[in-house]
Amino acid sequence: MAEGLDPLWEVTTSLYLYQNRGVNLAFDAWRRQVTERIRRGGLERTVAALARLFPVDGYAPDFLIPRQGGTSLEEGIDQVLSTPRRQIAAQLTRFAGHRPQVPLWTRKLAEGELGALKALGAAIRQYHRIAIAPYRPRTEQAADTDRRQRIRAVLSGGAEGLLSSFDEDVLRWQDGTLSASCAVDWEVHTGGRPLTLVPSFFSAHPAAVVDEDLPLTLTYPVARPLSWLAPPSTDGSRAALAQLVGPARARILLLLDDGLSTSRLAAALGVSPATASWHTAILRDAGLITTCREGRAVCHRRSRLGTALLDGDPEPAQ
């Protein structure tokens, strides 16, 4: 087990999360805050160029992926920039073969140009400063809670207990095989190599380093409350809810005391039925509402989790 969160892993995983705005409702407020910081800092082009190296739907160059957990940000950047030039060139060539367009400055990276390497390091530092560092107390608290849970599992059941302590939709240990819900299918044989488990706050799903020449590393998402970024509020958390999920979805939760059809919901919001359906799909995926068909109408109702979030209750009744 890594000692805690790895800053470079958090950069890597959060870039996927930042770009994929259709997942993880709990990070909507974070995305908005980071976007505003990027705009205020005039970093739109810098972050956009960095993000293009981490596409949400495919291969990212291996030299950008942390090789193990538990390093500092500067140690991680040093590892990236000290990658042999032939490996950088080969991996960027492979990356270009998977994308219709790649940033022009990646050619300078592939050629080992010192200025391009320094610019890459600077971009990682700038992104970490605005997207990761401001949330360190909350992210480290979640990681500490997860670590205590894993320590208890080890003390009570050893390695088997540790590997069995994860939610099955994240990691599943069965018959000597560890299955992880990664974005890409891999079958990895450890070959006697140790496996390092690295907690991550900004991960949408587990991710692995599987290169046989590198330490075998698996990062996994730690538990975080849906309202982890909601600010304090004096009005029963309603203002916090609007900042967390957006004013339209917050209003939908307020309207669904007795259930409404999509058409009635659209009329109440003053939007098209298609827009109302889009909002309800996001709320349903987050478990905040339920949807069922009643005759010809599709009816939506607030779930117990949605009611608990609306009321500011961190532990809804089971």
Side-chain angles (χ1 to χ4, degrees), residues 1-6 8-10 12-17 20 22-27 54-71 76 79 91 94 98 139-226 284-287 305 315 318:
M1 291 293 298
E3 287 292 326
L5 301 175
D6 183 289
L8 192 55
W9 266 117
E10 295 305 281
T12 300
T13 55
S14 69
L15 277 166
Y16 286 108
L17 196 62
N20 195 353
V23 300
N24 288 67
L25 181 66
F27 285 93
F54 297 90
V56 298
D57 58 350
Y59 168 78
D62 292 337
F63 77 95
L64 296 170
I65 306 300
R67 301 167 197 177
Q68 59 188 28
T71 60
Q79 287 179 2
Q91 291 168 17
R94 179 184 175 190
H98 286 76
T139 61
E140 289 190 346
Q141 181 180 14
D144 288 343
T145 299
D146 179 86
R147 184 169 177 79
R148 288 193 295 270
Q149 178 185 351
R150 306 308 164 201
I151 290 174
R152 289 194 298 268
V154 170
L155 292 176
S156 62
E160 294 271 352
L162 170 64
L163 294 175
S164 301
S165 67
F166 294 89
D167 292 339
E168 288 198 351
D169 60 345
V170 176
L171 299 177
R172 182 166 56 89
W173 173 252
Q174 186 175 16
D175 299 330
T177 298
L178 183 65
S179 301
S181 55
C182 298
V184 180
D185 279 341
W186 292 96
E187 183 174 307
V188 182
H189 298 276
T190 61
R193 290 182 294 165
L195 169 67
T196 301
L197 295 171
V198 183
S200 174
F201 188 88
F202 288 98
S203 286
H205 48 70
V209 173
V210 299
D211 189 319
E212 293 184 356
D213 296 327
L214 297 175
L216 184 57
T217 305
L218 179 66
T219 183
Y220 64 90
V222 300
R224 59 248 162 171
L226 183 64
R284 183 170 59 252
D285 288 344
L305 178 60
E315 297 184 0
Q318 300 298 316

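- Counting heavy atoms from C-beta outward, Asp62 and Arg94 have side chains that approach closer than 4.5 Å.
- Thr219 has its side chain out of reach of Asp6: every pair of non-hydrogen atoms, C-beta onward, lies at least 4.5 Å apart.
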Report the C-alpha separation of Leu64 and Gln91 in whole Å, then their side-chain angles, then the decisive distance to 0.1 Å, and conclude whether the side chain to side chain contact (heavy atoms under 4.5 Å, CB included) test is met. CA-CA 10 Å; Leu64 296 170; Gln91 291 168 17; over 6 Å; no

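- Glu168 CD: 12 or fewer foreign heavy atoms inside a 6.0 Å radius.
- One distance of note links CG of Leu17 with NE2 of His205; it measures 9.0 Å at 0.5 Å rounding.
- Considering CG of Leu171 and CG of Leu163, their distance stands at 8.0 Å, rounded to 0.5 Å.
- Other residues, nucleotides and ligands contribute more than 12 heavy atoms inside 6.0 Å of the CD atom of Gln149.
- Pairing each heavy atom of Ala153 with each of Ser165, the nearest pair is CB-CB, 3.6 Å.
- Because its NZ or CZ atom is both nearer than 6.0 Å to the ring centre of Phe166 and within 45° of the ring axis, Arg150 counts as a cation-pi partner of that residue.
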Apply side chain to side chain contact (heavy atoms under 4.5 Å, CB included) to the pair Leu218 and Leu195, showing each step before the final yes or no. CA-CA 7 Å; Leu218 179 66; Leu195 169 67; 4.0 Å; yes

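- A heavy-atom distance below 4.5 Å is found between the side chains of Met1 and Leu162.
- Smallest separation of non-hydrogen atoms from Tyr16 and Pro55: CE2-O, 2.8 Å.
- To the nearest 0.5 angstrom, Leu197 atom CG is 9.0 Å from Thr217 atom OG1.
- Residues passing the side-chain hydrogen bond (donor to acceptor under 3.5 Å, both in side chains) test with Thr13, sequence neighbours excluded: Ser200.
- To the nearest 0.5 angstrom, Asp146 atom CG is 11.5 Å from Phe201 atom CZ.
- Here the closest non-hydrogen pair linking Pro206 and Pro221 is N-CD, 3.9 Å.
- Separating the CG atom in Leu216 from the OG1 atom in Thr196 is a distance of 8.0 Å, to the nearest 0.5 Å.
- Within the model, atoms CZ of Arg224 and OG1 of Thr145 stand 13.5 Å from one another, a figure rounded to the nearest 0.5 Å.
- In terms of heavy atoms, Leu305 sits closest to Ala286 at CD2-O, 3.8 Å.
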